[in-house]
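What follows is a set of notes on a single structure, which appears directly below.
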Amino acid sequence: MTEDQIISKTIDFVKDTLSGAEGGHDWFHIERVLKNAQSISKEEEVDFFIVSLGALLHDIADSKFYDGDETIGPKMAADFLRNLQVEQAVIDHVIKIIKNISFKGGNVDQKFRSPELDVIQDADRLDAIGAIGIARCFNYGGFKNRTLYDPEIIPNLKMSKEEYKSSTSPTINHFYEKLLLLKDRMNTKTGRKLAAERHQFMEQFLEQFYKEWEGKS
């Protein structure tokens with residue numbers, strides 16, 4: 001089986017697996033991350049095949065929808081790739097990407113690095129900021145029935161991994177606890193350039209949000 005055929009089968013697998021998923025973590029999220037990753041790859045020295053597979057499978061079973069279990073996604077991805085007889089070195093790399101891509105509150109040391117992970121992580125983080133990021137943030141907040149904003153609940157910038165995973169803070173707090181931090185955590189030159197514009201858009205949104213909240217606009 002060729003690399004293109006494997007990627008095609010992976011696309012079908014992801015579409016089927018994420019059918020009916022929460023709107024911010026569905027197939028369209030994966031598709032956007034794939035496009036971003038492939039675009040960034042043009043400027044980086046990376047294995048395009050691994051980037052494509054990692055982008056496609058990075059959220060195949062996001063732990064936040066599986067009671068925090070971080071083992072399900074890597075296992076699903078590994079089983080699928082083995083069934084396609086993908087070589088073990090590629091599978092191992094993709095699994096390490098899945099295990100290390102997420103933000104985890106920003107206070108956890110990343111245990112693995114590779115140029116391919118750098119690219120996919122940037123692509124995933126780009127989808128968490130800007131207009132799409134704002135839409136996804138509020139979509140997930142609604143999915144979890146979270147308060148939009150509560151001026152008395154201050155964002156917590158020193159959360160542990162477990163505190164971050166179990167947080168029930170208002171949706172606006174998530175901007176300060178994650179989204180506004182991502183611009184300075186991009187790995188690639190292209191990622192940093194794209195993130196700057198999206199970051200600025202979020203700042204403008206928050207400025208307008210607070211004006212409307214206070215009845216000043």
Side-chain angles (χ1 to χ4, degrees), residues 11 14-40 54-66 73 98 101-106 119-151 153 155-157 159 164-188 190-217:
I11 288 172
V14 175
K15 282 183 177 180
D16 182 63
T17 302
L18 296 184
S19 176
E22 182 267 329
H25 299 81
D26 57 4
W27 159 249
F28 294 110
H29 163 62
I30 302 299
E31 184 178 43
R32 291 191 302 270
V33 172
L34 176 64
K35 289 178 179 177
N36 283 337
Q38 290 178 336
S39 178
I40 295 171
L56 285 167
L57 294 166
H58 82 279
D59 261 351
I60 194 63
D62 191 313
S63 64
K64 69 173 65 71
F65 302 108
Y66 290 85
I98 295 171
I101 192 172
S102 64
F103 182 71
K104 296 183 175 68
V119 166
I120 300 167
Q121 196 170 58
D122 279 8
D124 190 38
R125 289 175 174 178
L126 284 170
D127 206 55
I129 61 178
I132 291 290
I134 292 171
R136 292 181 67 215
C137 186
F138 283 100
N139 189 84
Y140 185 72
F143 178 79
K144 300 294 286 187
N145 197 31
R146 291 182 178 172
T147 304
L148 284 179
Y149 174 53
D150 185 338
I153 301 178
N156 182 359
L157 302 182
M159 284 188 285
Y164 180 78
K165 288 172 66 175
S166 61
S167 174
T168 59
S169 62
T171 298
I172 284 293
N173 287 30
H174 193 59
F175 283 79
Y176 301 95
E177 293 166 351
K178 178 181 178 181
L179 309 190
L180 292 170
L181 305 177
L182 296 180
K183 174 178 71 71
D184 294 328
R185 298 179 185 229
M186 291 290 165
N187 304 301
T188 67
T190 303
R192 288 190 289 272
K193 179 180 178 181
L194 295 172
E197 180 182 354
R198 299 188 187 202
H199 181 90
Q200 184 179 30
F201 185 86
M202 290 193 298
E203 290 182 324
Q204 293 169 345
F205 167 81
L206 288 170
E207 181 180 356
Q208 182 68 19
F209 180 93
Y210 293 128
K211 284 182 181 179
E212 294 181 16
W213 186 271
E214 298 294 337
K216 296 178 180 179
S217 175

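Predicted model, so just to flag it, every value in this text is computed and none were measured. Counting from 1, the numbers follow the sequence of the chain as shown.
In this structure a side-chain-to-backbone donor-acceptor pair under 3.5 Å is present from Glu22 to Gly24. Looking only at distances, no side-chain donor or acceptor of Glu177 sits under 3.5 Å from a matching main-chain atom of Pro155. Of the possible donor and acceptor atoms, none in the side chain of Thr147 sits under 3.5 Å from a partner among the backbone N and O of Asp150.
Contact of the Pro170 side chain with the Leu148 side chain is not registered, since no non-hydrogen atoms from C-beta on lie closer than 4.5 Å. Within the 4.5 Å cutoff, no side-chain heavy atoms of Val119 are placed close to those of Asn187. Using a 4.5 Å cut-off on side-chain heavy atoms (C-beta onward), Gln38 and Leu34 make contact. Within the 4.5 Å cutoff, the side chain of Leu18 has heavy atoms near those of the Ile30 side chain. When side chains are defined from C-beta on, Ile172 counts as touching Tyr210, because their heavy atoms get closer than 4.5 Å. Within the 4.5 Å cutoff, no side-chain heavy atoms of Ile129 are placed close to those of Phe175. Taking the side chain as every heavy atom from C-beta outward, Tyr176 and Asn156 never approach each other to under 4.5 Å.
Sorted by first and then second residue, the salt bridge (Lys or Arg N to Asp or Glu O under 4.0 Å) pairs with a member in residues 123-146 read Arg32-Asp127, Asp127-Arg136; sequence neighbours excluded.
The 12-atom threshold is exceeded at CZ of Phe209, counting heavy atoms of other residues, nucleotides or ligands nearer than 6.0 Å.
Shortest non-hydrogen contact noted between Ala55 and Ala37 is CB-CB, 4.2 Å. Nearest heavy-atom pair across Val14 and Leu56 is CG2-O, 3.3 Å.
In this structure, CG in Asp59 is found 12.5 Å from OG1 in Thr17, a value given to the nearest 0.5 Å. Interatomic distance, CG of Leu179 versus CG of Leu206, reported as 9.0 Å (0.5 Å rounding). With rounding to the nearest 0.5 angstrom, the OG1 atom of Thr171 is 12.5 Å from the CD1 atom of Ile134. Distance check: Leu157 CG to Leu181 CG gives 6.5 Å after rounding to the nearest 0.5 Å. Note that OG of Ser102 is 7.5 Å distant from CG of Asp62, once rounded to the nearest 0.5 Å.
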Any chance you could lay out the side chain to side chain contact (heavy atoms under 4.5 Å, CB included) test for Asp122 and Thr190, step after step, and finish with the verdict? CA-CA 9 Å; Asp122 279 8; Thr190 303; over 6 Å; no
Verify side-chain hydrogen bond (donor to acceptor under 3.5 Å, both in side chains) between Ser167 and Ser169, making sure each step is shown before the conclusion. CA-CA 6 Å; Ser167 174; Ser169 62; 3.2 Å; yes
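Note: His25 and His58 fail the aromatic proximity criterion, with ring centroids not under 6.0 Å apart.
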Which donor-acceptor pairs under 3.5 Å do side chains of residues 193-204 form with protein atoms, sequence neighbours excluded?
from: Arg198; atom 1: NH1; to: Leu126; atom 2: O; distance (Å): 2.8
from: His199; atom 1: NE2; to: Glu203; atom 2: OE2; distance (Å): 3.2

